[in-house]
**Q** 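The structure follows.
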Number of protein chains: 2
Amino acid sequence: MKISTRGRYALRLMADLANNPNDEYIALKEISQRQEISIKYLEQIVSTLCKAGYVKSSRGVAGGYKLAKPAEEYTVGMILRLIEGNLVPVKCMENEPNCCPRYEKCATIGVWERINDAVNGVVDSITLAELVNNPHSVEFGCKE
Amino acid sequence: MKISTRGRYALRLMADLANNPNDEYIALKEISQRQEISIKYLEQIVSTLCKAGYVKSSRGVAGGYKLAKPAEEYTVGMILRLIEGNLVPVKCMENEPNCCPRYEKCATIGVWERINDAVNGVVDSITLAELVNNPHSVEFGCKE
DNA sequence: TGCATATCATAGTAATTATGTAGGAATTAG
DNA sequence: CTAATTCCTACATAATTACTATGATATGCA
């Protein structure tokens, strides 16, 4: 029941971008240093975010990345779900709807559905803006 | 963000035991056949449950396992947490309390804490008895 | 006593996933 | 032209997962 490092790093990357007050592109190198995450690993993660249209990129000197939309318009769920593929607690819930051949007889599926709803309830209710404005966080330095 | 098969199998094993009306010991072989799970794999899982005092065992002919307490006294959380070790979504929450050196500055820890609370809220509120009495489940056959 | 049926203990293994690294091509500002 | 950057794809490695295998130990019963 763990969030992968890719998912956690993606959130920190997005939070780092959201924390940038100006509308300029930020190079991965900078983020890499601030977050202490390998630049090569960040490249892969930001590539997914870019293809999904979550961030905009600019190549060449003085290039980098910035959020495509205001931080208020991203939820934690959007970001995690994009990077992780999904957040469902069991494989049989990955493919819609109720694909398990024994769904009707399953004693435990109700548990997984309720866990799924609970997790979604949390991640879909927190925006990137709330993450950044959290007084708890002056920096984004936590290893997670 | 997946529950391991061990966790899922443990829940099915416990549900199978809880579904047994009489107070007799049930051999793993039976459960193995009903649940279509390798008996050797079940042995490992039930061993953990046994050492924790969740089930009682009887060796030899006509031996097997049965619940140590009424099904009402087990929550899904107890069982999953025992088998999985823990259900926290990030490693830095595994060791109490707030062991991460940058906890105070972490922007994302709040997300993980809320996910954790949400998951615990679900699994700690469902008992084994509720699982078995669920009209949804006549059998416990779902692969999950 | 001897055998069949169980649990109990520990080690091994194959496959998958997670977590990165490496190298270099393409693009662009100055 | 050059330096800085994104972009692309393959490779490497470590950890975890999900079993499998072997055999010891205990028990009831004929």
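Letters A, B, ... are given to chains in the order of the sequence lines, protein chains preceding strands, and every chain is numbered from 1.
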**Q** Using OP1 and OP2 only, check whether a side-chain N or O of B:Thr5 sits under 4.0 Å from D:dT17.
**A** no
**Q** Using the test salt bridge (Lys or Arg N to Asp or Glu O under 4.0 Å), find all partners of B:Arg114 that sit at least two apart in sequence or belong to another chain.
**A** none
**Q** Using a distance-only criterion (donor-acceptor N/O pair, under 3.5 Å, no hydrogens), is the base of D:dT22 paired with the side chain of B:Lys40?
**A** yes
**Q** Report the residue (A:Lys51 or A:Gly63) whose heavy-atom-nearest nucleotide on DNA chain D is the more 5′ of the two.
**A** A:Gly63
**Q** Answer with yes or no whether the hydrophobic clustering places B:Leu28 together with B:Tyr25; edges join I, L, V, M, F, W, Y residues whose side-chain heavy atoms lie under 4.5 Å apart.
**A** no
**Q** Can you tell me how far the OH atom of A:Tyr74 sits from the CE atom of A:Met14, to the nearest 0.5 Å?
**A** 5.0 Å
**Q** For nucleotides 27-30 of chain D, tabulate all protein N/O to nucleotide N/O atom pairs closer than 3.5 Å, reporting atom names and distance.
**A**
residue	atom	partner	partner atom	Å
D:dT27	O2	B:Val61	N	3.4

**Q** Can you confirm whether more than 12 heavy atoms, excluding those of A:Lys29, are under 6.0 Å from its NZ atom?
**A** no
**Q** Tell me, with the steps shown, if B:Lys40 and B:Glu43 meet salt bridge (charged side-chain N to carboxylate O under 4.0 Å, His left out).
**A** CA-CA 5 Å; B:Lys40 284 298 181 185; B:Glu43 274 184 4; 3.5 Å; yes
**Q** Using atom CD1 of A:Ile45 as one end and atom C1' of D:dT6 as the other, report the distance to the nearest whole Å.
**A** 16 Å
**Q** Calculate the interatomic distance between A:Gln35 atom CD and C:dG20 atom C1'; express it in whole Å.
**A** 17 Å
**Q** Could you tell me how far apart B:Tyr9 (OH) and D:dC19 (C1') are, to the nearest whole angstrom?
**A** 9 Å
**Q** Ignoring hydrogens and angles, are the base of C:dT21 and the side chain of A:Gln44 linked by a donor-acceptor pair under 3.5 Å?
**A** yes
**Q** Nearest whole angstrom, please: distance from the C1' of C:dT19 to the CD1 of A:Ile39.
**A** 17 Å
**Q** NA contact type, B:Lys2, heavy-atom cut-off 4.0 Å: base, sugar-phosphate, or nothing?
**A** nothing
**Q** OP1, OP2 of C:dA22 versus side-chain N and O of A:Tyr41: anything below 4.0 Å?
**A** no
**Q** Heavy atoms under 4.0 Å, any strand shown: does B:Tyr25 hit a base, just sugar-phosphate, or nothing?
**A** nothing
**Q** Name the residue closer to the 5' end of DNA chain C, choosing between B:Val46 and A:Arg6 according to the nucleotide with the nearest heavy atom.
**A** B:Val46
**Q** Counting only side-chain N and O atoms of A:Tyr65, is one of them less than 4.0 Å from OP1 or OP2 of D:dT5?
**A** no
**Q** Same hydrophobic cluster for B:Ile26 and B:Ile39, using side-chain heavy-atom links shorter than 4.5 Å among ILVMFWY?
**A** yes
**Q** In terms of the nearest nucleotide of DNA chain C, which residue is placed more toward the 5' end: B:Leu28 or A:Ser38?
**A** B:Leu28
**Q** Whole angstroms only, please: what is the CD-C1' distance between B:Glu30 and C:dA6?
**A** 12 Å
**Q** Pick base, sugar-phosphate or nothing for B:Ser47, based on heavy-atom distances below 4.0 Å to the nucleic acid.
**A** nothing
**Q** Nearest whole angstrom, please: distance from the P of C:dA6 to the CG of B:Leu42.
**A** 14 Å
**Q** Measure the distance from CD on A:Glu43 to C1' on D:dC8 and round it to the nearest whole Å.
**A** 9 Å
**Q** For A:Gln33 and D:dA4, give me the distance from atom CD to atom C1', rounded to whole Å.
**A** 13 Å
**Q** State whether a side-chain donor-acceptor pair under 3.5 Å links A:Asn86 with B:Lys2.
**A** yes
**Q** Salt bridge check: are B:Asp23 and B:Lys56 linked by an N-O gap of less than 4.0 Å?
**A** no
